[in-house]
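Every chain is numbered from 1, with letters handed out A, B, ... down the list of sequences.
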Amino acid sequence: MDTVITRFPPSPTGYLHIGGARTALFNWLWARKTGGKFVLRIEDTDEVRSTKESVDAIFESLKWLEIDWDEGPFFQTQRYPIYREYIQKLVDSGHAYYCSCTPEEVDAMREEAKANGKRPMYNGKCRELNLESGKNMVVRLRVPDNGATVVEDVVKGPTSFQNSEIDDFIIQRSDGSPTYNLAVVVDDLTMGINTILRGDDHLVNTPKQILLYKALGAEPPIFGHVPMVLGHDKSRLSKRHGATSVEEYRDLGILPDAMLNYLVRLGWSHGDQEFFTREELIEKFDIEHIGRSASMFDMDKLMALNAKHIQAKSNEEIAEALSPYLAARGIEIKNPEAAQLAVESLKPRSKTLVEMAEASLFYFQETLDFDEKAVKKFLKPQALEPLTESADLIEALADFTEPALEEIFKQVMEKHELKFGKIAQPLRVALTGKTVSPGIFEMILALGREKTVSRIREAVKLIPPAAE
RNA sequence: GGUCCCAUCGUCUAGCGGUUAGGACGCCGGCCUCUCACGCCGGAAGCUCGGGUUCGAUUCCCGGUGGGAUCACCA
């Protein structure tokens with residue numbers, strides 16, 4: 001087979017939607033897997049709704065997901081001469097014709113058809129009139145009255161549409177601009193696109209596009225219509241279901257690799273495997289195992305997958321990924337090694353980078369935010385001596401390692417006849433201000449000797465005097 | 001409503017005529033344990049219904065039901 005050439009053609013009328021990201025992903029993966037090409041095309045022919053901001057948001061989101069393209073971005077608004085040329089070809093070859101019917105007249109035709117119990121359609125009034133180009137004229141494709149057009153869909157299977165059900169649809173508006181179906185076909189044709197994976201909401205206008213290919217004497221590409229992503233109530237995913245834009249997930253602290261993994265796995269499978277790295281996805285992705293039914297977006301599962309991706313990455317990678325989230329909280333990583341130890345301690349306890357950033361604050365803060373209840377409960381008189389002694393011993397410790405630290409606490413525990421739990425909680429509050437944190441030893445190591453000792457000494461000052 | 005698509009635990013899915021119907025998320029119980037997590041072990045939970053075809057259907061065919069998509073001079 002020839003080199004696979006796929007594409008992603010968003011219309012810039014908003015941010016990059018999760019569903020769009022998924023179809024982009026399928027096309028990108030297929031191109032990457034087969035060693036083909038992936039083309040980015042901006043469908044901005046709706047000049048009223050298209051914005052520069054949306055274009056930028058789409059680039060930004062694709063960049064974040066690390067979905068790169070080999071050709072483009074092409075902008076349809078810069079290709080009008082090409083569309084006009086093809087429309088002319090269709091008119092010249094008798095596959096299309098000028099129509100002078102006004103929208104009102106067409107509406108009336110549809111009403112009439114409906115009244116007669118027929119499908120509301122344009123009645124073909126101008127078909128044989130051989131009208132010349134003129135003001136307020138549109139161009140329509142002459143659709144065969146009989147026969148059927150079959151979409152050989154690689155995910156849904158062959159799907160047949162009766163030509164009699166298809167209107168002589170408009171390919172050029174009265175203002176001379178091309179309509180969607182025409183522009184898409186001309187673009188895909190001229191850009192050499194041979195594989196189209198898109199949402200199955202496009203399935204119904206695929207026969208129109210195939211008719212256009214045929215009228216142009218061209219071979220249609222391979223079509224595959226992937227099921228849509230639904231919200232938790234089975235309706236189309238929208239704002240009321242929560243986050244729908246790619247950037248929102250970035251802001252939530254989702255890793256791009258986890259997003260990819262989740263999105264692809266939603267509607268595609270490779271046996272029982274749930275976790276995929278980006279490389280595995282490229283290696284294992286195939287069209288054959290794309291599902292045929294719509295699926296609901298499940299935030300919990302995304303989160304769980306994100307947690308696994310966080311754990312699977314190195315401390316260095318996560319520390320780097322975390323830094324913008326820390327920066328947003330006014331924290332700059334000054335000591336990379338310490339930050340990586342901090343990250344390591346937080347990795348198994350963070351579902352998102354936002355959670356991790358929040359939980360890591362105590363590592364970086366100069367002055368701790370003490371949780372009052374925690375202070376009251378654990379920084380009690382009986383904790384004074386064990387804490388003070390611990391600080392002294394840590395300060396004097398020859399080698400600052402986990403075994404040595406364990407030895408110190410063993411001493412303190414034995415002396416005061418305490419279980420580790422009794423000393424760990426006060427210590428935890430002293431070091432973090434909270435009752436929940438990573439393990440004591442890993443924190444001490446990540447914090448370093450100096451901070452550990454000073455924090456314990458500061459906390460001791462919060463202990464009220466003994467009652468009697 | 002017409003046309004088209006779809007149908008396995010609550011959710012994502014494996015299954016491609018014979019399985020104790022498998023995995024994951026979530027949920028419940030236990031273990032581990034310095035808190036919280038992670039991890040580990042175990043549990044509850046599913047083939048939409050009705051007809052065929054077949055020795056045998058979750059699987060193949062038809063129909064019902066249900067859900068979705070689409071019916072523009074939007075993309």
Enquirer: Reckon Arg49(A) touches a base, only the sugar-phosphate, or nothing at all at heavy-atom distances under 4.0 Å?
Expert: base
Enquirer: Once you apply a heavy-atom cut-off of 4.0 Å, does Cys101(A) come out as touching a base, just sugar-phosphate, or nothing?
Expert: base
Enquirer: Tell me whether the side-chain N or O atoms of Arg428(A) pair up with the base of rC34(B) as donor and acceptor below 3.5 Å, since no angle test is needed here.
Expert: yes
Enquirer: Could you tell me whether Arg142(A) and Asp145(A) have a side-chain N and a carboxylate O separated by less than 4.0 Å?
Expert: yes
Enquirer: Please determine whether ring-ring contact (aromatic ring centres under 6.0 Å, His included) holds for the pair Phe223(A) and His202(A), giving the CA-CA distance in whole Å, both sets of side-chain angles, and the decisive distance to 0.1 Å.
Expert: CA-CA 10 Å; Phe223(A) 287 102; His202(A) 283 284; over 10 Å; no
Enquirer: Considering only the P atoms, how many Å lie between rU8(B) and rC60(B), rounded to the nearest integer?
Expert: 13 Å
Enquirer: Give me the distance, rounded to whole Å, that separates rG52(B) from rC9(B) when you measure between the P atoms they each carry.
Expert: 25 Å
Enquirer: With C1' as the reference atom in both, quote the distance from rG56(B) to rG17(B) in angstrom, rounded to an integer.
Expert: 7 Å
Enquirer: Report which part of the nucleic acid Leu266(A) touches: base, sugar-phosphate, or nothing (heavy-atom distance under 4.0 Å, all strands).
Expert: sugar-phosphate
Enquirer: Assign Lys308(A) to base, sugar-phosphate, or nothing according to its heavy-atom contacts below 4.0 angstrom with the strands shown.
Expert: sugar-phosphate
Enquirer: When the distance from CG of Asp153(A) to C1' of rA69(B) is rounded to whole Å, what number comes out?
Expert: 13 Å
Enquirer: rU70(B) phosphate, OP1 or OP2: any side-chain N/O from Arg119(A) under 4.0 angstrom?
Expert: no
Enquirer: Grab the CZ-P distance between Phe8(A) and rA75(B) for me, whole Å please.
Expert: 17 Å
Enquirer: Which whole number of Å gives the distance between the C1' atom of rC49(B) and that of rA7(B)?
Expert: 12 Å
Enquirer: Quick one about Tyr97(A) and Asp168(A) (side-chain donor to acceptor, distance below 3.5 Å, no hydrogens or angles considered), yes or no?
Expert: yes
Enquirer: Say we look at rA75(B) and rG50(B): how far apart would their C1' atoms be, to the nearest angstrom?
Expert: 42 Å
Enquirer: Between rG15(B) and rU20(B), how far apart are the C1' atoms? Round to whole Å, please.
Expert: 16 Å
Enquirer: Using the P atom as the point on both nucleotides, what is the distance between rC41(B) and rC55(B), in whole Å?
Expert: 44 Å
Enquirer: Take Val429(A) and Gln425(A), measure what side chain to side chain contact (heavy atoms under 4.5 Å, CB included) needs, and give me the verdict at the end.
Expert: CA-CA 6 Å; Val429(A) 175; Gln425(A) 277 310 82; 5.6 Å; no
Enquirer: Measure OH/Tyr98(A) against P/rC73(B) and give the value in whole Å, please.
Expert: 18 Å
Enquirer: Contact class for Val204(A) vs. all strands (heavy atom < 4.0 Å): base, sugar-phosphate, or nothing?
Expert: sugar-phosphate
Enquirer: Taking atom C1' of rU70(B) as reference, at what distance in whole Å does atom CD of Gln209(A) sit?
Expert: 14 Å
Enquirer: Are Arg41(A) and Asp188(A) ion-paired here, with the side-chain N under 4.0 Å from a carboxylate O?
Expert: yes
Enquirer: Taking 4.0 Å as the cut-off, does a side-chain nitrogen or oxygen of Arg292(A) come that near to OP1 or OP2 on rA7(B)?
Expert: yes
Enquirer: Measure the distance from CG on Leu263(A) to C1' on rC12(B) and round it to the nearest whole Å.
Expert: 13 Å
Enquirer: Kindly say if Thr45(A) contacts the phosphate of rA75(B), meaning a side-chain N or O under 4.0 Å from OP1 or OP2.
Expert: yes
Enquirer: Give me the distance, rounded to whole Å, that separates rC71(B) from rA37(B) when you measure between the P atoms they each carry.
Expert: 49 Å
Enquirer: Is the closest basic N to carboxylate O distance between Lys308(A) and Glu274(A) below 4.0 Å?
Expert: no
